[in-house]
Amino acid sequence: MVGSVPPAARPAAAAITTVPLPRRPLDPDDPAHPAHPAGPTGPDGPARSTGPADSADPADPADPHGPADPDDRIRGWYENELGWATVPGSPVRLSVGARFDVLDVPAEAGFAGLRHLAPGSPVAVRGDRMRLLVAAGGAEEVPEILQWLEWGALPLGLTAIGAGGTVEAPPPPARLPGHGPGRAPGPRSPGPVQGAAVWLRPPVAGCEVEASLPTVSAWGATEGAPDLVRLVDTLATHCHRVRLRRACAQPLAFS
């Protein structure tokens, strides 16, 4: 046809491209905004984090990061780490007679007796008194030992605590630099320690203390165990010296 443009000469139709419009920034007050105090919302309401912080129960005593009764922590350390029995009540007290007995003496006399103890033998102090752990059953032997050593007729201030007795449980020792796990340095001088009982030579978790405790050698004691008789003799001698020194320090009463 005259005047018409052949189909091949017509320009091809341009391809249509859809350009997305820029999104409007979320309003910080919008609940869907991540910075909203209530957090982003979902179909069931505000989303809740399920991280480790939410999995810990602050009231669970087993949670090391949550608050717990100090008595529960002390009791758990003795029963779970050492296998030592405690008695109900507060403050925590240790049951004596099953794993060990205790000699309670003036601290000055106790320091003199430390040379008769094995390095791993636990020792505690409370005020001006020292508590030395000895083998279970040793407390029953102390009166006869004192009689045999001719100390039985004198008031010495030496107390033997055996089966059925209890002693205050010192807090577990801290882990300090330069001192192995479960060890804590003790006083360097026989001065009194104020407050509650503390470990001078603490027990070590995972170690059997029975082999290091003084016992009567004649009764088939473990090889290398300290001799209870020598320990009692030294303690009695220094208890007597402490008693005499205190008596001399008192003013004389004149009638």
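To the nearest 0.5 Å, atoms CG (Leu156) and NE2 (His238) are separated by 12.5 Å. With rounding to the nearest 0.5 Å, the separation of CZ in Arg129 from CG in Asp104 is 4.5 Å.
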With side-chain contact (heavy atoms from CB on, under 4.5 Å) as the criterion, how do Arg131 and Leu103 come out once you've worked through the C-alpha distance, each side chain's angles and the decisive distance to 0.1 Å? CA-CA 6 Å; Arg131 294 166 179 171; Leu103 299 183; over 6 Å; no
Could you go through the salt bridge (charged side-chain N to carboxylate O under 4.0 Å, His left out) check for Arg241 and Glu108 one step at a time? CA-CA 10 Å; Arg241 292 177 182 176; Glu108 183 177 344; over 6 Å; no
Determine, step by step, whether Val204 and Leu82 satisfy the side-chain contact (heavy atoms from CB on, under 4.5 Å) criterion, reporting the C-alpha distance in whole Å, the side-chain angles of both residues, the deciding distance to 0.1 Å, and the verdict. CA-CA 8 Å; Val204 180; Leu82 298 178; over 6 Å; no
For Arg126 and Val198, run side-chain contact (heavy atoms from CB on, under 4.5 Å): C-alpha distance rounded to whole Å, both residues' side-chain angles, the deciding distance at 0.1 Å, then the answer. CA-CA 6 Å; Arg126 187 182 190 281; Val198 295; over 6 Å; no
As a quick check of understanding, evaluate side-chain contact (heavy atoms from CB on, under 4.5 Å) for Val105 and Leu132, giving each step before the final call. CA-CA 8 Å; Val105 298; Leu132 301 89; 3.7 Å; yes
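Using a 4.5 Å heavy-atom cutoff, the side chains of Glu141 and Val229 are not in contact. Inter-residue side-chain proximity for Leu213 and Pro122 is flagged as met; some heavy-atom pair is nearer than 4.5 Å. Arg201 is listed as a side-chain neighbour of Leu117, based on a closest heavy-atom distance under 4.5 Å. Put simply, the side chain of Trp199 does not reach to within 4.5 Å of the side chain of Val125, judged on heavy atoms. Contact annotation: the side chain of Asp101 never approaches that of Leu133 to less than 4.5 Å [non-hydrogen atoms, C-beta and beyond]. Contact annotation: the side chain of Phe111 never approaches that of Pro106 to less than 4.5 Å [non-hydrogen atoms, C-beta and beyond]. In this structure, the side chains of Val209 and Trp84 come closer than 4.5 Å at one or more pairs of heavy atoms. Between Phe100 and Pro203, the closest side-chain pair of non-hydrogen atoms is not below 4.5 Å.
Both Val96 and Trp77 are assigned to one and the same hydrophobic cluster, defined by single-linkage of ILVMFWY side chains at heavy-atom distances under 4.5 Å.
A search for side-chain hydrogen bond (donor to acceptor under 3.5 Å, both in side chains) contacts involving Thr234 returns His116, not counting sequence neighbours. By the side-chain contact (heavy atoms from CB on, under 4.5 Å) test, Glu208 pairs with Arg99, Glu210, sequence neighbours left out. Looking at residues two or more places apart in sequence or on another chain, you find no salt bridge (Lys or Arg N to Asp or Glu O under 4.0 Å) involving Asp233. Checked against ring pair (Phe, Tyr, Trp, His ring centres under 6.0 Å), His240 has the following partners two or more places apart in sequence or in another chain: Trp151.
Around the CD atom of Glu79, the shell of radius 6.0 Å holds more than 12 heavy atoms that belong to other residues, nucleotides or ligands. In Arg230, the CZ atom is not crowded: 12 or fewer heavy atoms of neighbouring residues, nucleotides or ligands sit closer than 6.0 Å.
Arg75 places no side-chain N or O within donor-acceptor distance of the main-chain N or O of Val92, the cut-off being under 3.5 Å. The backbone N or O of Pro171 lies less than 3.5 Å from no partner atom in the side chain of Tyr78, so there is not a single donor-acceptor pair. When atom types are taken as modelled, the side chain of Ser121 and the backbone of Ala118 share no donor-acceptor pair closer than 3.5 angstrom.
Among residues at least two apart or in separate chains, side chain to side chain donor-acceptor pair (under 3.5 Å) pairs with a member in residues 153-167 are Arg93-Thr166.
The shortest heavy-atom contact between Leu235 and Ala109 is CD2-O, 3.5 Å. Minimum heavy-atom separation, Leu158 to Cys239: CB-SG, 4.3 Å. The minimum heavy-atom distance between Pro214 and Leu231, with the atom names listed, is CG-CD2, 3.7 Å.
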Check residues 142-149 and write down every donor-acceptor pair under 3.5 Å in which the side-chain atom is one partner and the other belongs to a residue at least two apart or another chain.
none

